[in-house]
Structures are given as structure tokens and as C-alpha cells.
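Input: a single structure, listed below in C-alpha cells.
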Amino acid sequence: MPRPIDVNADYYQIEELLTEEERMVRDVARRFVDEEFMPRVQRCFRENSFPMELVPRLGQLGFLGMTLPTQYGCAGLNNIAYGLVSQELERGDSGLRSFASVQSSLVMYPIYAFGSEAQKSFWLPRLAKAEAIGCFGLTEPDFGSNPSGMLTRAKKEKGGYVLNGTKRWITNGSISDVAVVWAKLEQDGKDVIRGFIIEKERKGFTRLEIEGKFSFRASITSELIFEDCWIPEENLMPGTGGLKSPLMCLTQARYGIAWGATGAAIACYESAVDYARHRVMFSRPIGGYQLVQAKLVSMITEITKAQLLSYRLGKLKDAGKMRPEQVSMAKMNNVSTALHISRIARDILGANGITDDYPIIRHLLNLATVNTYEGTEDIHRLTIGRDITGLNAFE
Ligand code: TGC
Ligand code: FAD
């Protein structure tokens, strides 16, 4: 389906708040999605594959690690530009935005924030150019919302570490060249969560693709298994120490998701408005009926509120004032709103709403995952609840 040109999801002229550079970056992402990604997405979703041929393009366009410094081959752009790119990529598909989120926020960010100079100068330029693909292993089969309970262990041995454990639900796991993996290491008689860089060739490292997903079908999700996997000492990221290290990465990724989910909502809204204006039932376009209009109005109102939340969050992030709890609010609100919008949009399309001739059912199925990963809606609600009451529901 061509993108309707006469529908504008920028109801509050947020465009005017953007700098020329931010608009330019956004427009590059928009063209890439419309011209290169959209013609492929239906096939990928049907076949449960990621369009690997576009991976180098993500690097060429500067979309990987785009806020990191130019010294490491990154674009050095601000967080509004990063947010706008996330929004455009997820207007295409959550799997496309996820690819960029994982590489940028969950692989390049920890290497940048916690890595040695040697790790940074080796990995960051390669990851920025998409010469290497990365994944992030935190979740385990029995430890999702509560990663502090993880069972994966690293044991110190002469010259390196031996890893044992299983990570599950890992985006890009089986197509990655390198994994950032979190494991407990005994230090001074205490278990401390540390981050390790693990190349795919390491003996004892197995990756298995998870099959049977009805969500994120244009994305690869995997299990990582470590069985006496030896890695050298220099693969430990020296700056990591405690659960706070992976949680800091999640804050970066959740920021991008808050913007991205709105992109998926916009795709659903645009498709629904276009459909409602043209679909005739009882001899009038359904968009002329008050009940349908009420649904469309609630969609654009929620999209506008989500855009403003993201924009303000971006300004706080660029000013170095953003708090993780503020990110929780934007992730929770914008994703659950997008999921709700996708459901209303699907309803407006009637039977056509369940086919992949339109983007809506694909976004709806994807958003069910986005509402779960990177902290479920409940976890973010409880995080904000803890912040405003001072009482910890997790204890
Ligand atoms: P808690 O005591 O709250 O925190 C431990 C330390 O970390 C600090 N902290 C954070 N720092 C930065 N950003 C955040 N978001 C932070 N949240 C907490 C905190 O201040 C503390 O610091 P310190 O100095 O006192 O040590 O830890 P807890 O065990 O009570 O857990 C809290 C909870 C439940 C919120 C946390 O575990 C959590 O966020 N759970 C959700 C797990 C999750 O989101 N997993 C995501 C896996 S990755 C993924 O889904 C990738 S999808 C990628 C894609 O495809 O796009
Ligand atoms: P659980 O933690 O078992 O939660 C189940 C339900 O219980 C949820 O509704 C939850 O909100 C609720 N719940 C849990 N605790 C509480 C509580 N204290 N109070 C109230 N309710 C609670 N992980 C990675 O590490 N790397 C990745 O790249 C990655 N990619 C993913 C890609 C996909 C497609 C998916 C589906 C997941 C991915 N994940 C990844 C894992 C994801 O982060 C976890 O699924 C998520 O954190 C939730 O964990 P869980 O699935 O174990 O759910």
C-alpha cells in the first residue's frame, strides 16, 4: 500500500520545534523506510526473516550508534535526531527499529560507556559501519523482569574467564558477530554482575533461533547457550559493576523505543484515516460516521501527546537531566498507547484489518512484544510508583 499523502500526524506542528539538521536526518530515515524497507517488509514478515541486505545501508546512513562521538566513526548527533530516526524506522516495522536499538543502545553504548580504549577503538567503528552485528544478552529463561536473579556465571581462570548459562529472547542473537553478555562473577566473596564481549566463534558458544513467533517476524530472536565457554581477560568490560550497568543500557534503548512506538502508531493511524475516508458502507464513507470519527480523534490526540512526551524527554536527555524514571513513563505510555491505537485501527479496517495488505495487523502483533520487552508495562508502572511514593514494590 502506498503511504497516504494527505494525512498529517503532526497535529501540533512539532516540525517547527526541530532544527534543520534534525529534519534532514529524519527525512533521510523516512526516505530509506519508504523506498528501501517498505517494499521488503511484507515478504520478511511472512517468511520470518530480517532483510540482511539493508544492514550495510543502516551503517552508511549513520543510523548505528548515531549519538556516539565521531572519533569512533559515529555520527555524533543529538538525541532528538536519534529519536526521530527511531520513529521513522518503527513506522516501517518494530523489528527494523529494534535492529538499530540493539546495535546502538545495547551493544555500542555499553562498549562506549564501560569498555577499555582497546575495546572501543576495535568495536565501535566496525559496529557503526555495520561490518559487525551485535546482540545483548541479559534475559534468561527464568529471569526476565528480575534480571538480578540471573544464573549465568563467569568463573575466573588463568588468563580469562569461563562462562556457563543460557540467555533467551535475544534480538539478532543468531545473526550477530558479537554478543554483549551479562554474567555473575565472584569478586571478594560476592557475586557481581559484569559485562563480557563474546565473539560468535568462541568454543562453547551456541546460538539457536526461536521459532513459532507471531510477533516480530521481520526480526530474528534467539537463545544463546554458554557451555564452558572460555574468553580472554581482555573481553571483560572493565567499567561494568552491578545490575546498574545493564540497566543503564536499557535506559538508552527505552528512550529510542518511546519515540519508535509512536512511529508504529502513526502508520496505523494514517492507514485507518485513509481507509475511513474511502470505505463506503451504508452508502457513506465510514469516516463520516460519528463513532468512527471519535476513534480517529482519540488516535491522533494520543499520538500528539506521545510526540510531545518524547520531544521533551529528548531535550532533557540532551541537557543531561533525564532520569530513568522519566524514560519509564515515556516507554510505558507511548508503547501502550501505540498498542491501543493499533487495535482501534484494526477495528476500523474490518476484515481488511487482519490482512498484511495493510500495515496494521503487523504493527499490532509487534507492539505486543514492544509492550513486554525492555521492561513490561507493569514494571515501568511500578518503577514510577516507587519513584513517587518512595515505597519499593519489588522487595
Ligand atoms: P534496582 O535496585 O532498582 O537498581 C539497581 C541499580 O541500578 C540503578 N537503576 C538504573 N540505572 C540506570 N537506568 C535504569 N533504568 C535503572 N534502574 C535502576 C539503581 O539506581 C540501582 O543503583 P545503585 O547505585 O543503587 O546500585 O534493581 P532491582 O533489582 O530492584 O530491579 C529493578 C527493575 C525491576 C526495575 C529492573 O530489574 C528492571 O528494569 N527490570 C526489567 C528488565 C528489562 O527491562 N529487561 C530488558 C532486557 S533487554 C531487552 O528487552 C532488549 S529488547 C531490544 C530490542 O529488540 O529493541
Ligand atoms: P516475566 O518477567 O515472567 O513477566 C510475566 C508477567 O508478570 C508480565 O506481565 C510482568 O509485567 C508480570 N510481572 C513480573 N514481575 C512482576 C511484579 N513484580 N509485579 C507485577 N507484575 C509482575 N532480552 C534481552 O536480554 N535481550 C534482547 O535482545 C531481547 N529481545 C527480545 C525480543 C523479543 C521479541 C522478546 C519477546 C523479548 C526480548 N527480550 C530480550 C526479553 C524481554 O526483555 C523480556 O521478555 C521481558 O523483560 C519480560 O520478561 P519475561 O518475558 O520473563 O516476563
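Computed from a predicted structure; not experimentally measured. What you see below is based on every heavy atom in this structure, not just the backbone, and it leaves out hydrogens, waters and symmetry mates. Atoms within a ligand are numbered from 1 in the order they appear, just like the ligands themselves.
Within the 4.0 Å heavy-atom cutoff, S328 does not count among the residues contacting ligand 1. Taking 4.0 Å as the cut-off, G242 does not count as a neighbour of ligand 1 on heavy-atom distance. Contact analysis puts P147 in contact with ligand 1, with a non-hydrogen atom separation below 4.0 angstrom. For the ligand labelled ligand 1, residue R97 lies inside the 4.0 Å heavy-atom shell.
In summary, the atoms of ligand 2 found under 4.0 Å from a heavy atom of T369, numbered by their order in the structure, are 33 (C), 34 (C), 35 (C), 36 (C). Numbered from 1 in the order shown, with element, the atoms of ligand 2 that lie under 4.0 Å from a heavy atom of Y373 read 31 (C), 32 (C), 33 (C), 37 (C), 38 (C), 42 (C), 43 (O). Those atoms of ligand 1 with a heavy atom of G144 less than 4.0 angstrom away are 42 (C). Every atom of ligand 1 with a heavy atom of T139 under 4.0 Å away is listed here by number and element: 47 (C). The contact set between ligand 1 and P324, taken as ligand atoms under 4.0 Å from a residue heavy atom, comprises 12 (C), 13 (N), 14 (C), 15 (N).
Atom 53 (O) of ligand 2 has its nearest heavy-atom neighbour, among G95, G375, S145, in S145. For atom 40 (C) of ligand 2, the nearest non-hydrogen atom from the set W169, F143, W182 comes from W169. Within the set L106, T221, L250, the minimum heavy-atom distance to atom 46 (C) of ligand 1 is found for L250. Residue nearest to atom 4 (O) of ligand 1, selected from I193, T383, L247, I170: L247 (by heavy-atom distance).
Relative orientation of the F205 and F226 rings is parallel, given thresholds of 30° and 60° on the angle between their planes. By the 30° and 60° cut-offs, the orientation of the rings of Y373 relative to F216 is perpendicular.
Remark: K331 fails to qualify as a cation-pi partner of Y255 under the 6.0 Å distance and 45° angle criteria applied to the six-membered ring.
The line from CD1 of I257 to CG of N334 is 11.0 Å long, rounded to the nearest 0.5 Å. Atom CD of E209 is separated from atom CD1 of I220 by 4.0 Å, given to the nearest 0.5 angstrom.
Looking at ligand 1, you'll find an N or O of S145 within less than 3.5 Å of one of its N or O atoms. Between S98 and ligand 1, at least one pair of N/O atoms sits closer than 3.5 Å. For the pair N392 and ligand 1, the shortest N or O to N or O distance does not fall below 3.5 Å. Considering backbone and side-chain atoms together, G375 places an N or O closer than 3.5 Å to an N or O of ligand 1.
Residues satisfying the ring-ring contact (aromatic ring centres under 6.0 Å, His included) criterion with F37, sequence neighbours excluded, are absent altogether.
Scanning the protein for heavy atoms near atom 41 (C) of ligand 2, the closest one is T139 OG1, 3.3 Å. When only non-hydrogen protein atoms are considered, atom 12 (C) of ligand 2 lies nearest to D378 OD2, 3.9 Å. Annotation: atom 19 (N) of ligand 2 to nearest protein heavy atom, L382 CD1, 3.4 Å. Ranking the protein heavy atoms by distance from atom 29 (O) of ligand 1 puts L243 CD2, 3.4 Å first.
Taking a distance limit of 4.0 Å, we find that atom 12 (C) of ligand 1 is approached by some protein heavy atom. Shown here, atom 24 (O) of ligand 1 is in close reach of the protein: a heavy atom of it lies under 4.0 Å off. For atom 21 (C) of ligand 1, no protein heavy-atom neighbour is present inside the 4.0 Å cut-off.
Contacts between E374 and ligand 2 below 4.0 angstrom, taking non-hydrogen atoms only, involve the backbone exclusively. For T171, heavy-atom contacts with ligand 2 shorter than 4.0 Å involve the backbone as well as the side chain. Proximity of R386 to ligand 1, defined as any heavy-atom pair under 4.0 Å, is confined to the side chain (atoms from C-beta onward).
Remark: K200 engages D177 in a salt bridge, criterion side-chain N to carboxylate O under 4.0 Å.
The number of heavy atoms from other shown groups lying within 6.0 Å of CZ (R312) does not exceed 12.
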